Enquirer: 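What follows is a structure written as structure tokens; I'll ask about it next.
Hydrogens, waters and symmetry mates play no part in the numbers below; they use all other heavy atoms, side chains included. Counting begins at 1 with the first residue of the sequence. Note that ligands are numbered from 1 as they come in the structure, with each ligand's atoms numbered from 1 the same way. In this text the structure is predicted, and so the values were computed from the model without any measurement.
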Amino acid sequence: MSPASAPDPASPIGNTAAIASGAALVRVEHLSKEFPAGSTGIIGGKKLSIKAVAGVNLEIAPGETIGLVGESGSGKSTLGRLILKLLEPTEGAVYFDGRDLSTLGRAELRALRRQMQLVFQDPYSSLNPRMRVRSIVGEGIEIHKLARGAEKERRIAELLAMVGMSADAMDRLPHEFSGGQRQRIGIARALAVNPRFLVLDEPVSALDVSIQAQIINLLQDLQEKLKLTYLFIAHDLRVVEHISNRVAIMYLGKLVEIASRDEIYLNPRHPYTRALLSAIPTIDTAHRPERIKLPGEMPSPMNPPAGCAFHPRCPYAKDVCSSVEPKLETGRGGHAVACHVFPAP
Ligand code: SF4
């Protein structure tokens, strides 16, 4: 895997040049999502909600890949779905190519949605087992009336070739393929409608390590060829290292650190980022960071801790951490951190 060539980052939420010119492809402002907590979410007679995403700001420049990393339950997949408008936000706005998605009518939204696609985590359950590959990949082409008849067949074959599969695959069912091949079919399906932006929701987590590298290489090649922009969601910093221009770390619904790929891996600031990095297996024992074992689980998003939400697990927590929430402040080179003890550089 070759490292991504990074656009210069210089703000906590975006790529300098693109944003200065107002050219961010995706812009997220104060985005929040709360879900009703159900019957278990009542404390002292007060109904609680699950704060899955809480006030996220983010900009993604054209051609950029942002790796969005956090433990399960951090809100990263919800953020991805909010950006695609598969979920309605409780607060905040999503702009795509400068247009506020909440102001668009149905037809406009449908047309714009074609440009934003999702690749799912699980290649086993995300493909309809009764549909042949021809129908899976061709569905979007049909819905958006992009091609018909022989032209559609030609396009499906072209998409399969793009993801490294032969046209023979068209007549087969998903169960006839390996996990890696199924993920290739999922990617072909997403590309069928000529998108500009892909949310890749843990696209390699269900695959063997050797296959993961192949899929990541494929995604990099496709990005270059088709000028795509990615939000690559993962729970593991190892997976996003080679593909990301910038990396954003999410904890309990909030971004706690965001910086260029090199800054995150060489100069991590936030204790949560350091703990995630220390968990990456390495054979380079000389440069292996000391393993930081975090006590306990991530707290419930129904009842997040006061102050810094990470303080019950943080080995560096001070008194202030349990009462005052640290703001995401930007430092040198756009490296932004939300921490009282390890501020932005
Ligand atoms: Fe740890 Fe305090 Fe920083 Fe939170 S603000 S990450 S508790 S040191």
Enquirer: In the protein, which heavy atom is nearest to atom 2 (Fe) of ligand 1, and how far is it?
Expert: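 Here the closest protein heavy atom is Cys321 SG, 2.3 Å.
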Enquirer: Distance check, rounded to the nearest 0.5 Å: Lys33 atom NZ versus Leu79 atom CG?
Expert: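 One gets 12.5 Å once the value is rounded to the nearest 0.5 Å.
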Enquirer: Just heavy atoms, cut-off under 4.0 Å: does His270 contact ligand 1 by side chain, backbone, both, or neither?
Expert: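 Answer for His270: side chain.
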Enquirer: Counting each atom of ligand 1 from 1 as listed, which ones have a heavy atom of Phe310 under 4.0 Å away?
Expert: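 The atoms of ligand 1 under 4.0 Å from a heavy atom of Phe310 are 6 (S).
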Enquirer: Could you confirm whether His311 has any N/O/S atom lying under 2.8 Å from atom 2 (Fe) of ligand 1?
Expert: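 Checking His311: none of its N, O or S atoms is under 2.8 Å.
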Enquirer: Determine whether more than 12 heavy atoms belonging to other residues, nucleotides or ligands lie under 6.0 Å from atom CZ of Arg148.
Expert: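 Check fails, neighbour count at 12 or below.
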Enquirer: Distance to 0.1 Å, residue and atom name: give those for the protein heavy atom nearest to atom 1 (Fe) of ligand 1.
Expert: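 Checked against all protein heavy atoms, atom 1 (Fe) of ligand 1 sits closest to Cys314 SG, 2.3 Å.
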Enquirer: Distance under 4.0 Å to a non-hydrogen atom of Val341: what atoms of ligand 1 satisfy this?
Expert: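 Answer for ligand 1: 8 (S).
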Enquirer: How does Cys308 reach ligand 1, if at all, at less than 4.0 Å between non-hydrogen atoms: by side chain, backbone, both, or neither?
Expert: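 The side chain, only.
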Enquirer: Are the side chains of Ile60 and Leu231 in touch, meaning some heavy atoms are under 4.5 Å apart?
Expert: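 Side-chain contact under 4.5 Å: yes.
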Enquirer: Using 4.0 Å as the upper bound for N to carboxylate O, is an ion pair formed by Lys85 and Glu88?
Expert: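 Lys85 and Glu88: salt-bridged.
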Enquirer: Is it true that Glu151 and Arg155 have a side-chain N and a carboxylate O under 4.0 angstrom from each other?
Expert: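 Salt bridge: no.
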Enquirer: Any chance the side chains of Glu257 and Tyr272 put a donor and an acceptor closer than 3.5 Å?
Expert: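 Glu257 vs Tyr272: no donor-acceptor pair found between side chains.
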Enquirer: Taking only heavy atoms of Cys339 into account, list the atoms of ligand 1 that are under 4.0 Å away from them.
Expert: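 The list of qualifying atoms is 3 (Fe), 5 (S), 6 (S), 8 (S).
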Enquirer: Any Lys/Arg nitrogen of Lys152 or Glu142 sitting under 4.0 Å from an Asp/Glu carboxylate oxygen of the other?
Expert: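 Here Lys152 pairs with Glu142 in a salt bridge, since their nearest N and O are under 4.0 Å apart.
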Enquirer: With atoms numbered from 1 as shown, which atoms in ligand 1 lie under 4.0 angstrom from a non-hydrogen atom of His340?
Expert: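 Taking each heavy atom of His340 in turn, ligand 1 has 3 (Fe), 5 (S) under 4.0 Å.
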